[in-house]
Engineer: 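Okay, handing you the structure first.
Chain naming here is simple, since letters A, B, ... match the order of the sequence lines and numbering starts at 1 in each.
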Amino acid sequence: MRGRRDKLEQIKSLGINPYPYNFKRSHFSVEITQNTDDFLEKEVQVSGRLMSKRGHGKTSFAHIMDSKGRIQLYVRKDRISEQDFELFGLLDIGDIVGIKGEVFVTRTGETTVKAKSVELLSKTLRPLPIVKEKQEGDEKVVFDQFADKELRYRQRYVDLIVNPEVRDVFVTRSKVISKIRHFFDNLGFLEVETPVLQPIYGGASARPFVTHHNALDMELYLRVADELYLKRLIVGGYDGVYEISKDFRNEGMDRFHNPEFTMMEVYVAYQDYHYMMELVETMVSSIAKDIYGKTKITHQGREIDLTPPWKRVKLFDSIEEYTGENLYGKSLDELRKVAKDLHIETEDFWREGKIIDEIFSEKVEPNLIQPTFITDYPVELSPLAKRHRDDPKLVERFEPFIVGGEIGNAFSELNDPIDQRERFLAQQKLLELGDDEAQMLDNDYLRALEYGMPPTAGLGIGIDRLVMLFTDQPSIRDVLLFPHMRPEKNE
RNA sequence: GAGGGUAUAGCUCAGCUGGUAGAGCAGCGGCCUUUUAAGCCGUUGGCCGAAGGUUCGAAUCCUUCUACCCUCACCA
């Protein structure tokens, strides 16, 4: 850093502003490198970050990188002004430059800009990690890759500069979200925004973050889900509403969980969960088609076939398939015994639903590699879902699973206000029994239901997990630009 | 919350059973007018994550702490 400050002073003493205001780029690097024939002998203006520099006395080669790729520069002392040549000598890797010059091809065949002028656009003071790569046949070998995960996550800006495949991940993330938006817009659904700060949290079983509103002197919760507000809007008369937003859950962190994460929820009036299954498989496969041109993708070495229709399996059938036990109608004691036989630990306050859910997560979930809808859950696990039309002990709910993980949750929404009140009261009891993830009673939501909500299908999709699937990333941190980290010590 | 692993130069890493810190790249000074992990010659750079302890002597052994990674637990 010392040397760079000295250079900064030298550059200033040449009468050059090291932080000028703009530069008129004529083309991106790849426009030129991919259409070299059209550009030969033509003058272009390119800009970007200096990524390598190979000096040869009175001449020099370098690469600059812009947002789309890299292009080589060739600087000759006899082709530019003395001051520009001196300036070029003072440039460091990482500096941002603008170059005017002519396109030509070197004798090794690389498209290159022969500089006529060199302009410094921003002087860097910190050295960039130097990553080098070499082409060995078809293989690209990378040397000294900037790979320390802590540094990469804490200094994502450096990660993005130096690791192009990381940039690609976030481009794909953006595409996925944009496709989802288009998908719903095309169906005529309305994108809405609902409160992040909520006096009563609900819509999911999770512990919330608590905050305080000074003027009102009251506790508020950061939302754990958008569900109850979105359904109020269905009561209000919209046919379809969706929201893509951050939710916050005060739970542990691992490669599938970040305290704040992106959720997409959609509610559609006059539909049920069968409709929603078709919507999910259509949406996910069409995203794959848009991004990869096909509905079969590879994730962590496994081929995943997203082509609809996806497999549909009832929850109890799936458990029987993998454990040989039919849990339907079993008493609490019987369930505890089964869990014990399967070496699954249970808590005292757990009821039937929770034990079934636990057995399912342990024994079935990891096996659900290809896309599968697990359907028809016990009613006490799903306080906001409508009872199954054929069996009041179950609800019309499904969760889509891919690569052993759930990526969403959906149901025919409960719109019977009396049943809903009873479900809330059952949750209250769980709260008292020590289940700190049980849901709060929301009187205003009940009032809304009393005004009447049409039959409605609802869905939540974890966007981060979907992006992990589409970008072939093993950890949620790799699809979040700034994953949550403990604060670092001050330098 | 539990267990395991990692922490050495700006980056990537060596450093054996304790003997006083090393390479490549980057940087700095030279040479070099088509190189591309450019090359050649020379050279700077370290509180060995933090604090304590054992020892004549600690990057190395011990303890505690911190951060990150992995697995599990919790959990969409």
Engineer: Without decimals, in angstroms, what is the distance between Q135(A) CD and U35(B) P?
Structural biologist: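 After rounding, the gap between these two atoms is 18 Å.
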Engineer: Would you say the side chain of D254(A) and the base of C72(B) hold a donor-acceptor pair, judged only by whether the two atoms sit under 3.5 Å apart?
Structural biologist: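 When only heavy-atom distances are counted, D254(A) does not reach the base of C72(B) through any donor-acceptor pair under 3.5 Å.
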Engineer: Would you mind telling me which of C75(B), C11(B), C69(B) lies closest to the side-chain atoms of K149(A)?
Structural biologist: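 Per side-chain heavy atoms of K149(A), the pick is C69(B).
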Engineer: Quick check on C74(B): is either OP1 or OP2 less than 4.0 Å from any side-chain nitrogen or oxygen of K354(A)?
Structural biologist: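 K354(A) to C74(B) OP1/OP2: no side-chain N or O under 4.0 Å.
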Engineer: Between the base of G27(B) and the side chain of D92(A), is one N or O donor paired with an acceptor at under 3.5 angstrom?
Structural biologist: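 No, no donor-acceptor pair under 3.5 Å.
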Engineer: Answer with yes or no after comparing the ring centroid distance for Y74(A) and F61(A) against a 6.0 Å cut-off, counting only values under it.
Structural biologist: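 Yes - the distance between ring centres of Y74(A) and F61(A) falls below the 6.0 Å cut-off.
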Engineer: Answer yes or no: does a side-chain N or O of R477(A) lie under 4.0 Å from OP1 or OP2 of C69(B)?
Structural biologist: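 It does, given that an N or O in the side chain of R477(A) lies less than 4.0 Å from OP1 or OP2 of C69(B).
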Engineer: Is K7(A) near enough to C28(B) that one of its side-chain N or O atoms lies under 4.0 angstrom from OP1 or OP2?
Structural biologist: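 For K7(A), the contact criterion (side-chain N or O under 4.0 Å from OP1 or OP2 of C28(B)) is met.
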Engineer: Would you indicate, yes or no, if A38(B) has its OP1 or OP2 atom less than 4.0 angstrom from a side-chain nitrogen or oxygen of R54(A)?
Structural biologist: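 For A38(B), OP1 or OP2 has a side-chain N or O of R54(A) closer than 4.0 Å.
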Engineer: Counting only heavy atoms from other residues, nucleotides and ligands, does the tally under 6.0 Å from NZ of K53(A) exceed 12?
Structural biologist: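 Yes - once you tally the heavy atoms of other residues, nucleotides and ligands closer than 6.0 Å, there are more than 12.
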Engineer: Taking the six-membered ring for Trp, are F39(A) and H27(A) ring centroids under 6.0 Å apart?
Structural biologist: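 So the answer is yes for these two rings.
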Engineer: My validator wants the stems of RNA chain B: runs of 3 or more consecutive Watson-Crick or G-U pairs, both distances under 3.5 Å, written as range with range.
Structural biologist: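 Stems found: B:1-7 with B:66-72, B:10-13 with B:22-25, B:27-31 with B:39-43, B:49-53 with B:61-65.
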Engineer: Can you find a side chain N or O atom of R126(A) that sits less than 4.0 Å from OP1 or OP2 on G10(B)?
Structural biologist: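 Checking R126(A) against G10(B): no side-chain N or O falls below 4.0 Å of OP1 or OP2.
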Engineer: Do the side-chain N or O atoms of R255(A) get closer than 4.0 angstrom to the phosphate oxygens (OP1, OP2) of U71(B)?
Structural biologist: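 Affirmative; the distance criterion is met.
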Engineer: For this output row, return yes or no: ring centroids of Y242(A) and F183(A) closer than 6.0 angstrom.
Structural biologist: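 No - the distance between ring centres of Y242(A) and F183(A) does not fall below the 6.0 Å cut-off.
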Engineer: Compare side-chain N and O positions of K53(A) against OP1 and OP2 of A38(B) and report whether any pair is under 4.0 Å apart.
Structural biologist: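 Answer no for this pair, as no side-chain N or O of K53(A) is under 4.0 Å from OP1 or OP2.
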Engineer: Under 3.5 Å, is there any donor-acceptor pair linking the side chain of E110(A) to the base of U35(B)?
Structural biologist: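 No, the side chain and the base share no sub-3.5 Å donor-acceptor pair.
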Engineer: Under a 4.5 Å cut-off applied to non-hydrogen side-chain atoms, are V313(A) and T375(A) in contact?
Structural biologist: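 When only atoms from C-beta onward are counted, T375(A) and V313(A) do not touch, as no gap falls below 4.5 Å.
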Engineer: OP1 or OP2 of U66(B) less than 4.0 angstrom from a side-chain nitrogen or oxygen of R486(A), does that happen here?
Structural biologist: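 It does not, given that no N or O in the side chain of R486(A) lies less than 4.0 Å from OP1 or OP2 of U66(B).
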